[in-house]
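For reference, the structure is listed below as structure tokens.
Please read all numbers here as calculations on a predicted model, not as lab measurements.
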Amino acid sequence: MVNPQPNLDNAVVFTQLWQITNELRQKIEARFTLHPDPSTKDLEDYTGLDPNVKGSMKNFSGSEIDWLVHSWLRNTKTGFSIVRLTNWLKPHIAVPHLAFEFSTFGNILFYIDYVPRHDLLMNLDDLERYYEPVNQSFLTLQADSRLSPFISKSLHVRLFQSPISLCYTCPPTEDLLALIRTISHEMLERWLGWIDVAEAVPESMQKALFERDLFIRRSSAELDPGNKKAAQMLGNELTDKLVKALWGGDRILR
């Protein structure tokens, strides 16, 4: 996706995808109290080795959300871009985490998922509570001829995804952008509803859940197969800092 392509102007599509994540973040900020983490202040506006490559990352935490990442990276010459909004909850409840990732490379790649907090093979209650309600949406998108399921070549990426991971490529048409917006808001509203009625995790179990969450968050950032290509665009030092910021390696707020 990020390999050099003929000049491609995806500015309009990028702007619309970025706007979707801003709409989602506004709803999140209306529900949670969040504070920007000072450790990523210098990442709010950065430029790669190629001046056409620019990006931004903002990270937040609060009493209920442990680590929120809202970021974009874009090459204005090739049309490649990636927009991310990931929400990692604290271990006071065991509702899945929520991830949005949208990319442009001519077509659109969208990934929306509820990241499991437990091994679903051993926690069938979680499977029924959090994943069965999305199964019909998953099947509906699978049957949509306008969408092509995206299957990563990376074993680590596929392992990270849940059974209802919504991960597809599609043309950048208005109707499909509207579909992405609708699905995104539905996934967020469902997630917020779960949080409102979630049972508290016993204090004796919160440390283990926190450590599991952090391990998965760090692994997903450090093992991302796109990191090598990012280093070619941004340089090793900036890439390492961005990867670390994805999992909160230098965070100040707790």
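With salt bridges taken as basic N to acidic carboxylate O contacts below 4.0 Å, one links Glu44 and Lys41. The pair Lys241-Glu237 fails the salt-bridge criterion, with no side-chain N (NZ, NE, NH1 or NH2) lying under 4.0 Å from an Asp/Glu carboxylate O. In this structure, Lys90 does not pair ionically with Asp213, as no charged nitrogen and carboxylate oxygen lie closer than 4.0 Å. In summary, Arg117 and Asp126 do not engage in a salt bridge, as defined by a charged side-chain N under 4.0 Å from a carboxylate O. A salt bridge is defined here as a Lys NZ or Arg NE, NH1 or NH2 lying under 4.0 Å from an Asp or Glu carboxylate O, and Asp66 with Arg251 meets this definition.
Ser220 has its side chain out of reach of Asp224: every pair of non-hydrogen atoms, C-beta onward, lies at least 4.5 Å apart. With a 4.5 Å cut-off on side-chain heavy atoms, Tyr111 and Gln161 count as touching. At least one side-chain heavy atom of Leu246 sits less than 4.5 Å from a side-chain heavy atom of Met57. For the pair Arg84/Trp72, no side-chain contact is recorded, criterion being any heavy-atom separation below 4.5 Å from C-beta on. Annotation: side chain of Phe80 is not in contact with side chain of Arg74 (no heavy-atom distance under 4.5 Å). Residues Leu176 and Pro171 form a side-chain contact, since some pair of their non-hydrogen atoms from C-beta on lies under 4.5 Å apart. Counting heavy atoms from C-beta outward, Leu98 and Thr86 have side chains that stay 4.5 Å or more apart. When side chains are defined from C-beta on, His156 does not count as touching Ser219, because their heavy atoms never get closer than 4.5 Å.
Considering Phe150, Phe110, Phe102 in turn, Phe110 is the only one that fulfils the ring pair (Phe, Tyr, Trp, His ring centres under 6.0 Å) rule with Tyr168. Considering Arg25, Gln26, Arg31, Lys27 as possible partners of Glu29, the one that fulfils the side-chain hydrogen bond (donor to acceptor under 3.5 Å, both in side chains) test is Arg25.
Atom CG of Leu179 sits about 11.5 Å away from atom CZ of Arg181, to the nearest 0.5 Å. The OH atom of Tyr131 lies 6.5 Å from the CD1 atom of Ile164; values are rounded to the nearest 0.5 Å. Within the model, atoms CG of Leu188 and CZ of Phe100 stand 5.5 Å from one another, a figure rounded to the nearest 0.5 Å. Here OG of Ser56 is found 8.5 Å from CG of Leu43. Values are rounded to the nearest 0.5 Å. Rounding to the nearest 0.5 Å gives a distance of 5.0 Å between CD1 of Ile195 and CD1 of Ile93. The line from CZ of Arg158 to OG of Ser165 is 12.0 Å long, rounded to the nearest 0.5 Å.
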- Item | Derivation and outcome, side-chain hydrogen bond (donor to acceptor under 3.5 Å, both in side chains), residues Asn59 and Thr40 | CA-CA 7 Å; Asn59 301 65; Thr40 56; 3.3 Å; yes
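A donor-acceptor pair under 3.5 Å links the side-chain atoms of Trp67 to the main chain of Ala245, judged by distance alone. A donor-acceptor pair under 3.5 Å is absent between the side-chain atoms of Asp37 and the main chain of Phe60, judged by distance alone. Without hydrogens or angle criteria, Thr104 side chain to Ser81 main chain gives a donor-acceptor distance under 3.5 Å. No donor-acceptor pair closer than 3.5 Å links the side chain of Glu101 to the backbone N or O of Ile112.
If you chain together hydrophobic residues whose side chains sit under 4.5 Å apart, Ile183 and Phe138 fall into the same group. Under a hydrophobic-cluster definition in which Ile, Leu, Val, Met, Phe, Trp and Tyr are linked whenever side-chain heavy atoms come within less than 4.5 Å, directly or via other members, Ile28 and Val95 are assigned to the same cluster.
Using a 3.5 Å distance cut-off with no hydrogens or angles, the side chains of His185 and Glu23 do pair a donor with an acceptor. Residues His35 and Ser61 have side chains that never bring a donor and an acceptor to within less than 3.5 angstrom of each other. Remark: the Arg190 side chain and the Tyr130 side chain contain no N/O donor-acceptor pair separated by less than 3.5 Å. Looking only at atom types and distance, the side chain of Asn87 has no donor-acceptor partner in the side chain of His97 under 3.5 Å away. Residues Asp50 and Asn52 have side chains that bring a donor and an acceptor to within less than 3.5 angstrom of each other. Between Asp113 and Ser162, the side chains place a donor N or O and an acceptor N or O closer than 3.5 Å (distance only, hydrogens not considered).
Within 6.0 Å of atom CD1 in Ile151, 12 or fewer heavy atoms from other residues, nucleotides or ligands are found, so the atom counts as exposed in its surroundings. No more than 12 heavy atoms of other residues, nucleotides or ligands sit less than 6.0 Å from atom CG of Asp45.
Considering all non-hydrogen atoms of both residues, Ser103 and Leu17 come closest at O-CD1, 4.5 Å.
Geometrically, Arg217 does not engage Trp247 in a cation-pi contact, judged by NZ or CZ lying under 6.0 Å from the ring centre and within 45° of the ring axis.
Checked against the 6.0 Å centroid criterion, the rings of Trp18 and His70 qualify as a close aromatic pair. Taking the six-membered ring for Trp and the full ring otherwise, Trp194 and Tyr114 have centroids separated by under 6.0 Å.
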